[in-house]
Amino acid sequence: DFFGLKIKKQYLDNSNTFFEYIEKQTEINNPVIVPINLREIYYSDFYLERDWEHPFVIRGFDRDKKLFYILDSTHLKSDSQQEREFSIGYSDLYKAHNSYFSKINNIEKNFVLVFKKSIENYSIIDIFDKCILEISNIKKSPDFFTPIQNLNMDADNFEKYILNVPKYKELFFSLLLKLTSEFHLVDNETI
């Protein structure tokens, strides 16, 4: 709702529909998130050692080279959580995607998430205002931890969630401060 997007879970049964679907959605500028298992990604710290769920955002592709262009931070060996562009081979992505559903989420069929615009002419100022309102509401809420408790996660998933919370917050606030500056809502000294 904040970003004027609808999220669709698209189930895909085989490699042909997987590649074709992602290519088609990318061509029409609908971002696609592919859940993967970092155990299968050679440049990951979890490679061949531990199952670890991770999302890849698909930004584009090269059909001839069989490459997907992704937005990710896994390939950066630093504490920075800034997402950067990178590429991954079709077969590597598909293998990591299948591993996610065979080793981490074996309850569901293979799917990807697709983001489609639900509102035209949704301004960045509207998004900014909604974010500020949400932060304000969270801060006032006596049940701040209720959503986390309701997730019903096992110990491993809870550990992953807790370890990633600072990353989410850091990314969110850095983007929020950037927008604050760009729209001259607060002077640079105050930021």
Side-chain angles (χ1 to χ4, degrees), residues 1-63 66-77 80-118 147-148 150-172 175:
D1 290 342
F2 277 14
F3 301 104
L5 297 170
K6 285 187 179 177
I7 302 170
K8 178 183 179 188
K9 189 184 276 189
Q10 180 66 43
Y11 294 94
L12 304 166
D13 356 6
N14 60 52
S15 63
N16 289 336
T17 56
F18 179 79
F19 299 133
E20 288 170 12
Y21 186 79
I22 293 174
E23 288 173 354
K24 179 182 176 189
Q25 293 303 313
T26 305
E27 284 175 330
I28 58 175
N29 295 318
N30 288 337
V32 178
I33 294 183
V34 178
I36 58 111
N37 185 350
L38 285 177
R39 175 190 286 266
E40 305 298 333
I41 303 298
Y42 69 89
Y43 54 82
S44 162
D45 292 338
F46 299 100
Y47 182 59
L48 299 179
E49 290 184 16
R50 186 171 176 198
D51 294 315
W52 195 272
E53 63 189 23
H54 188 72
F56 276 165
V57 178
I58 308 296
R59 305 232 342 157
F61 64 94
D62 185 321
R63 192 176 286 124
K66 301 283 185 219
L67 287 176
F68 283 111
Y69 299 111
I70 62 174
L71 192 60
D72 189 43
S73 64
T74 305
H75 59 285
L76 303 172
K77 300 296 181 190
S80 169
Q81 290 308 308
Q82 200 66 346
E83 307 293 314
R84 298 277 192 258
E85 290 190 12
F86 200 62
S87 59
I88 186 169
Y90 277 36
S91 59
D92 292 331
L93 180 68
Y94 191 66
K95 181 179 178 184
H97 177 68
N98 281 334
S99 178
Y100 171 80
F101 286 97
S102 66
K103 301 210 167 136
I104 297 172
N105 179 0
N106 56 10
I107 297 169
E108 292 185 87
K109 293 179 183 177
N110 291 31
F111 67 81
V112 297
L113 299 174
V114 181
F115 291 76
K116 298 180 178 186
K117 279 188 179 180
S118 64
I148 296 171
N150 290 340
L151 291 175
N152 294 327
M153 296 182 199
D154 61 28
D156 278 347
N157 284 330
F158 186 73
E159 174 192 358
K160 290 175 195 173
Y161 179 81
I162 294 300
L163 288 173
N164 282 314
V165 166
K167 297 174 192 175
Y168 303 146
K169 288 168 66 176
E170 182 182 342
L171 180 60
F172 176 77
L175 292 171

How long is the span from the [atom1] atom in [X] to the [atom2] atom in [Y], to the nearest 0.5 Å?
X	Y	atom1	atom2	answer
Ser44	Arg50	OG	CZ	11.0 Å
Thr17	Tyr11	OG1	OH	14.0 Å
Lys103	Glu53	NZ	CD	15.0 Å
Tyr100	Glu108	OH	CD	7.0 Å
Leu93	Ile22	CG	CD1	5.5 Å
Glu40	Leu48	CD	CG	7.0 Å

Go through it in stages, so that I can follow the logic: the residues are Ile58 and Val112, the test is side-chain contact (heavy atoms from CB on, under 4.5 Å), and I'd like the CA-CA distance, side-chain angles, deciding distance and then a yes or no.
CA-CA 10 Å; Ile58 308 296; Val112 297; over 6 Å; no
Name every donor-acceptor pair, under 3.5 Å, that has one atom in a side chain of residues 28-39 and the other anywhere in the protein, sequence neighbours excluded.
{"unit_1": "Asn30", "atom_1": "ND2", "unit_2": "Gln25", "atom_2": "OE1", "d": "2.9"}
{"unit_1": "Asn37", "atom_1": "OD1", "unit_2": "Arg39", "atom_2": "N", "d": "3.0"}
{"unit_1": "Asn37", "atom_1": "OD1", "unit_2": "Trp52", "atom_2": "N", "d": "3.0"}
{"unit_1": "Asn37", "atom_1": "ND2", "unit_2": "Asp51", "atom_2": "OD1", "d": "2.8"}
{"unit_1": "Asn37", "atom_1": "ND2", "unit_2": "Ser99", "atom_2": "OG", "d": "2.9"}
{"unit_1": "Arg39", "atom_1": "NE", "unit_2": "Asp51", "atom_2": "OD1", "d": "2.7"}

If you take the centroid of each ring, where Trp contributes its six-membered ring, are Phe68 and Phe56 closer together than 6.0 Å?
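Not under 6.0 Å, so no.
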Pair Tyr90 and Phe61, ring centroids less than 6.0 Å apart:
no
Count the heavy atoms of every other residue, nucleotide or ligand shown that sit under 6.0 Å from NZ of Lys109, and state whether that count exceeds 12.
no
I would like to know whether Leu12 and Tyr94 meet side-chain contact (heavy atoms from CB on, under 4.5 Å); could you show each step before the answer?
CA-CA 11 Å; Leu12 304 166; Tyr94 191 66; over 6 Å; no
Identify, with sequence neighbours excluded, every residue that meets side-chain contact (heavy atoms from CB on, under 4.5 Å) alongside Asn110.
His97, Asn98, Phe101
If the condition is side-chain contact (heavy atoms from CB on, under 4.5 Å), which residues does Tyr69 pass it with, not counting sequence neighbours?
Asp62, Leu67, Ser87
